[in-house]
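Just so it is clear, the structure is predicted and the values come from calculations on it, not from any experiment.
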Amino acid sequence: MLIGMTSEPELQQGVGEPDGFRRLWTPHRMAYIQGENKPTGPAPDDGCPFCSIPSLSDEDGLIIKRGVHAFAVLNLYPYNGGHLMLVPYRHVADYTELTDEETVEVALLTKQAMTALRAASGAHGFNIGMNQGAAAGAGIAAHLHQHVVPRWGGDTNFMPVVGHTKVLPQLLADTRKMLAEAWPQQ
């Protein structure tokens, strides 16, 4: 186990029979569950984080790469370490609304993201895609974004299934720095 990342079995008062389980607390997930950073409406000025992120520094916005029409940014609520998104600067909801230039740049950034993730973390595979509309699972349906989730052989385990917890071994700021340094120079 990682130093400083363990917890001793503790007696839980008032929750029934004591157990010997260790607890891995993930309070940052409550922000996602409670809808923090979600827009209040479909317009860019309705609190869209993808519209406001580009005005931040790369470090503060967790931006890995800025292009002309789109940018690569870490997901604040990642499924796996290195989970990033490719986002057009323009506030559009549907893939068919992208210009040809935006479509090409999102595709090129996707290829570069795969290259950087392989170089930085040895990713064995990827889940790549976008959820179009709230009914399809888009957390922020009003601003199109494509996910790139790195995967490794054996990266699924009991934690998400039984514990409803995802274990991420690295802070987002460290992941951003690592991927920005590994991003191909093109």
Within-4.5 Å side-chain heavy-atom neighbours: [X] and [Y]:
X      : Y      : result
Ile63  : Lys65  : no
Leu84  : Asn75  : no
Phe71  : Leu86  : no
Pro78  : Val149 : no
Val148 : His83  : no
Trp183 : Gln112 : yes
Pro88  : Phe50  : no
His69  : Val106 : no

Task: side chain to side chain contact (heavy atoms under 4.5 Å, CB included) evaluation trace for Thr99 with Thr103 - done: CA-CA 6 Å; Thr99 66; Thr103 303; over 6 Å; no

For residues [X] and [Y]: do they belong to one hydrophobic cluster (side chain heavy atoms under 4.5 Å, members Ile, Leu, Val, Met, Phe, Trp, Tyr)?
X      : Y      : value
Met178 : Phe126 : no
Val73  : Leu56  : no
Ile140 : Leu109 : yes
Met85  : Leu98  : no
Val87  : Leu108 : no

Which heavy atom in [X] sits nearest to a heavy atom in [Y], and how many Å separate them?
X      : Y      : value
Pro150 : Ala123 : CB-CB, 3.8 Å
Ala120 : Ala182 : CB-CB, 3.8 Å
Pro184 : Ala116 : CD-CB, 4.2 Å

Do the side chain of [X] and the main chain of [Y] share a donor and acceptor less than 3.5 angstrom apart?
X      : Y      : result
Tyr89  : Gly67  : yes
Glu105 : Glu102 : no
Glu97  : Val92  : no
Glu59  : Ala173 : no
His147 : Ile128 : no

TODO: Determine the sole option in Lys177, Arg176, Arg66 for which the side chain to side chain donor-acceptor pair (under 3.5 Å) test with Asp58 is passed.
DONE: Arg66

- [ ] Examine His145 together with His143 and report whether their ring centres are nearer than 6.0 Å.
- [x] no

In Å, rounded to the nearest 0.5 Å, how long is the span from [atom1] of [X] to [atom2] of [Y]?
X      : Y      : atom1 : atom2 : value
His124 : Leu117 : NE2   : CG    : 12.5 Å
Leu179 : Thr115 : CG    : OG1   : 11.5 Å
Thr175 : Asn80  : OG1   : CG    : 11.0 Å

